[in-house]
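What follows is a set of notes on a single structure, which appears directly below.
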Amino acid sequence: MALDPSFIGRSYPPTEPYELGREKIREFAIAVGDLNPAYLDREAAKALGHPDVIAPPTFPFVLSYQAAAQVVEDPELGLDFSRVVHGDQKFSYRRPLRAGDRLRVEITIDNIKSLAGNDVLTVRGELVEESGERVVTSVMTLVARAADEQAGE
Amino acid sequence: MAVSFDEVEVGTALPAQSFPVTRATLVRYAGASGDFNPIHWNEKFALEVGLPDVIAHGMFTMAEAIRVVTDWTGDPGAVVEYGVRFTRPVVVPNDEAGAVVEVSGKVAKLLDGRRVQVDLLATSEGQKVLGMSRAVVQLA
């Protein structure tokens, strides 16, 4: 069943603030095997001009993915998550996320289209610091496969 | 050492790197990222949904690919934009060797404001795993 295109442009309420800590950044950096000192060592980050350790470029997805649950689980939209794969991912950074940030995510459905029987859903997450500063935009495309196709990522 | 815009031209190659990924890597990434989809750690589940085996998180592969850029610039904060398309899964067998993701990159465009576009190529087992993989990077 095709998704309802009238959901294009729909926004969801901002999430509760996520407080980004140094140890979470360290955990994530180690998990991706990336020991860049800018992620682990405050002095090294400062030497590069950052006020504190920064998060790796793909870290914002942790927040935007969590926040996108609002779309995925929206009963009115009726997305069948068992058929969903991640098609594209794009980030734009005004600056890197850093320890001490308190971030809310504002989710908007940017587009819904049908491509070869699959539903293609573009979900944008704006990561906004509590001060109001818009820090990172995370745009993900989710593809809900037609029922008889194979899975992939 | 920061890379200067004056040192690069279209076609400048970034140092290529290989990134190993085993089942243990995926379990650790699942925990750190909060993405516990069983296709990334449960072989039985992966087979049931039509996959050849457990596959890596697309976001894990995306995290590895950008390291070719961040290790080149030194400052990961120099990445202004980064996008990929997940074209093919990285299949991770249940053995000590796991899989390997090979990543290379080159400067594709010189942009205003001493920025460049870097195009990345990520492959595993000789097959391209990311498409349209590109970053905009602020150079010194």
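Chain identifiers are assigned alphabetically (A, B, ...) following the order of the sequence lines, protein sequences preceding nucleic acid strands; residue numbering begins at 1 within each chain. Remember, predicted model here, so these are calculated numbers, not experimental data.
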(request) Answer with side chain, backbone, both or neither: which region of Tyr65(A) has an atom nearer than 4.5 Å to a non-hydrogen atom of chain B? (result) side chain

(message) Is there a side-chain contact between Arg85(B) and Thr141(A) in this structure, where contact means two heavy atoms from C-beta onward sitting under 4.5 Å apart?
(response) no

(message) Measuring from atom CG of Asp35(B) to atom NE2 of His86(A), what distance do you get when rounded to the nearest 0.5 angstrom?
(response) 10.0 Å

(request) Rounded to the nearest 0.5 Å, what's the gap from OG on Ser133(B) to CD on Gln89(A)? Could you check? (result) 12.0 Å

(request) Please round to the nearest 0.5 Å and tell me the distance separating atom CG of Leu35(A) and atom CZ of Arg67(B). (result) 7.5 Å

(request) Using non-hydrogen atoms and a 4.5 Å limit, figure out which bit of Asp34(A) sits close to chain B: side chain, backbone, both or neither. (result) both

(message) Can you confirm whether more than 12 heavy atoms, excluding those of Glu7(B), are under 6.0 Å from its CD atom?
(response) yes

(message) Counting only heavy atoms from other residues, nucleotides and ligands, does the tally under 6.0 Å from CZ of Arg104(A) exceed 12?
(response) yes

(request) Can you tell which part of Ile54(A) gets under 4.5 Å to a heavy atom of chain B, answering side chain, backbone, both or neither? (result) side chain

(message) I'd like to know which of Gly49(A), Pro57(A), Ala47(A) tops the heavy-atom pair count under 4.5 Å against chain B.
(response) Pro57(A)

(request) Flag the one option from Ala44(A), Pro56(A), Gly33(A), Ala55(A) with the top tally of heavy-atom pairs under 4.5 Å to chain B. (result) Gly33(A)

(message) For Ile30(A), which atoms come within 4.5 Å of any heavy atom of chain B: side chain, backbone, both, or neither?
(response) both

(message) Test of understanding: clusters of I, L, V, M, F, W, Y form through side-chain heavy atoms closer than 4.5 Å, transitively. Do Val80(B) and Val107(B) belong to the same one?
(response) no

(request) Answer with side chain, backbone, both or neither: which region of Thr61(B) has an atom nearer than 4.5 Å to a non-hydrogen atom of chain A? (result) neither

(request) Could you check which of Val62(A), Asp88(A), Asn36(A) has the highest count of heavy-atom pairs closer than 4.5 Å to chain B? (result) Asp88(A)

(message) For residues Phe86(B) and Leu121(B): do they belong to one hydrophobic cluster (side chain heavy atoms under 4.5 Å, members Ile, Leu, Val, Met, Phe, Trp, Tyr)?
(response) no

(message) Counting neighbours of CD on Glu48(B) that are heavy atoms of other residues, nucleotides or ligands and sit closer than 6.0 Å, is the number greater than 12?
(response) yes

(request) With a 4.5 Å cut-off on heavy-atom pairs, point out which of Val84(B), Val21(B), Val69(B), Thr25(B) contacts chain A the most. (result) Val84(B)

(request) Taking the side chain as every heavy atom from C-beta outward, state whether Val32(A) and Phe19(B) have any pair of such atoms under 4.5 Å apart. (result) no

(request) Mind ranking Ala38(A), Gly87(A), Ser82(A), Pro96(A) by heavy-atom pairs under 4.5 Å with chain B and telling me who comes out on top? (result) Gly87(A)

(message) Counting heavy-atom pairs closer than 4.5 Å to chain B, which one of Lys24(A), Arg98(A), Arg95(A) comes out on top?
(response) Lys24(A)

(request) Would you indicate whether the side-chain heavy atoms of Phe91(A) and Met62(B) approach each other to under 4.5 Å? (result) yes

(message) Count I, L, V, M, F, W, Y as connected when their side-chain heavy atoms are under 4.5 Å apart, and connections chain through other members. Are Ile55(B) and Phe45(B) then in the same cluster?
(response) yes

(request) Tell me, for Phe59(A) versus chain B, whether the close heavy atoms (under 4.5 Å) come from the side chain, the backbone, both or neither. (result) neither

(message) If you count every heavy atom of other residues, nucleotides or ligands that lies below 6.0 Å from Lys90(A) atom NZ, does the total exceed 12?
(response) no

(request) With a 4.5 angstrom heavy-atom cut-off, could you sort out which part of Phe60(B) is near chain A: side chain, backbone, both or neither? (result) side chain

(request) Consider only side-chain heavy atoms of I, L, V, M, F, W and Y, link residues closer than 4.5 Å, and tell whether Phe5(B) and Val136(B) are in one cluster. (result) no

